[in-house]
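Order of appearance sets the numbers: ligands from 1, and atoms from 1 within every ligand. Note that this is a predicted model, so its numbers are computed, not measured.
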Amino acid sequence: MIKGTTQLLGVIGDPITHSLSPIIHNTAIRHLGLDYAYVPFRVGGEDLSTAVAGLAAIGVVGFNVTIPHKQAIMPLLRDISPFAEGIGAVNTVWRQKDGWSGTNTDVEGFLAPLIDFIPTDTWRQRRVLVLGCGGAARSVVVGCSQLGCSSLVVFGRNKSKLEAFYGSWLNSPLKNTLSQVLSIHPWQQLMNYLPTVDLIVNTTPIGMHPISDTSPLGEQEMDLIASHAVVYDLIYTPSPTKLLRQAQLRGLVIIDGQEMLIHQGAAAFKIWTRQSPPIEVMRMALKTTITPQPV
Ligand code: NAP
């Protein structure tokens, strides 16, 4: 129940109506009997600084940041964790006495299900192929470099964006590690790399609701993937995506974006409430909201 004492949490983004974070967080809040409410706010790019100042003015405790603000919010914060500085994106913000602090929990979310599937001590021999070079790809690159992967090949459709992506790491604390393992490639070279990798991560929105019947990889490309490879799609609705259904039909191990969503949310919840997040309750809330797609 919302009372006079209820503290406000939320998520800002544009669009925002598809966000499942309110369901996950409000279920966790209710389960623990906490006096918080988590609200979605549609904030357009031109309104970002006004909105962030307004959220402070009305005493919001903390909020998540989603597309398209994860980078644009950074200059509006009083301090940013070195980890989020390294990634170059913030997804979790909390209020301090004299301003907002920000960090990034997407890497923790991305890694959580992977560690269940692949033992951490084997990562040094693993080669990873990343589709897309936007915001989420940054968390994937940082997560895979933390695991010590031997090669990270990133594919994009736009040459100048790919080059900017690569160049952005040259000034980051990860420069030395990434210069050894990271390379960028145009989409047309996919066929050459697909047979050689152990993990494929889709960070593009291809296949996301409402254009669910699309996949970043065609059938011919899918046939090239090694039988031991894991296919990970960051998209969480639909579940599974067409890409994951194609992989499932070939007997490959698949991971969808639901666990990433839950674990990045759980890490944020802990920062704001200082309570241990009820992960199983959050997972059930998500699973009952998303209708599984037939294979
Ligand atoms: P973004 O910053 O807009 O990046 C999207 C990337 O995909 C860009 O490199 C973009 O290339 C590329 N792309 C888009 N359409 C393409 C196409 N038709 N062909 C080839 N490349 C294409 O978005 P984001 O924040 O990284 O999010 C990407 C996806 O990850 C979304 O589906 C989002 O829901 C998901 N995600 C999930 C979680 C989770 O918790 N599970 C967390 C974060 C993100 P251009 O720049 O050339 O357009």
Side-chain angles (χ1 to χ4, degrees), residues 11-25 40 45 64-74 84 87-92 104-114 129-143 153-166 168 184-190 200-218 221 231-244 254-269 279 282-283 286-287 289-290:
V11 54
I12 61 168
D14 186 17
I16 202 66
T17 49
H18 70 288
S19 175
L20 297 174
S21 294
I23 288 169
I24 296 175
H25 286 285
N64 283 129
V65 184
T66 187
I67 295 177
H69 304 312
K70 287 186 183 181
Q71 283 158 306
I73 190 132
M74 295 176 77
I87 301 166
V90 162
N91 80 326
T92 300
N104 192 306
T105 65
D106 279 337
V107 174
E108 191 174 333
F110 166 69
L111 291 179
L114 262 189
L129 186 152
V130 182
L131 298 167
C133 59
R138 303 191 72 78
S139 299
V140 172
V141 162
V142 171
V153 290
V154 176
F155 284 79
R157 61 177 172 178
N158 180 310
K159 187 167 181 271
S160 60
K161 286 186 182 173
L162 258 182
E163 285 169 355
F165 181 84
Y166 187 83
S168 68
I184 50 167
H185 305 269
W187 213 257
Q188 295 76 357
Q189 286 179 8
L190 264 174
I200 295 164
V201 187
N202 177 36
T203 77
T204 77
I206 307 170
M208 188 167 77
H209 176 80
I211 40 166
S212 313
D213 200 32
T214 55
S215 166
L217 300 180
E221 290 165 328
V231 181
Y232 189 164
D233 198 334
L234 300 196
I235 295 171
Y236 51 82
T237 175
S239 172
T241 55
K242 181 169 179 187
L243 170 68
L244 295 186
I254 61 161
I255 307 176
D256 71 15
Q258 291 191 31
E259 286 297 307
M260 176 173 176
L261 183 72
I262 292 163
H263 285 274
Q264 62 77 28
F269 187 88
I279 291 188
M282 295 164 104
R283 181 177 292 125
L286 191 61
K287 289 209 183 300
T289 308
I290 297 175

- line: For E163, the side chain to side chain donor-acceptor pair (under 3.5 Å) test, sequence neighbours excluded, returns K159
message: Test your reading of the model: is there a side-chain donor-acceptor pair from N91 to the backbone of T105, 3.5 Å cut-off?
response: yes
field: Whether T203 side chain and L131 backbone form a donor-acceptor pair below 3.5 Å
entry: yes
- prompt: So which residues, sorted by chain and number, lie with a heavy atom under 4.0 Å of ligand 1?
  reply: I67, K70, G132, C133, G134, G135, A136, R157, N158, K161, W187, T203, T204, P205, I206, M208, L234, I235, Y236, G257, M260, L261
- request: Verify, without hydrogens or angle tests, whether S168 (side chain) and F165 (backbone) share a donor-acceptor contact under 3.5 angstrom.
  value: yes
query: Between atom CG of L190 and atom CZ of F155, what is the distance when rounded to the nearest 0.5 Å?
result: 4.5 Å
Side chain T92, main chain N104, donor-acceptor under 3.5 Å: no
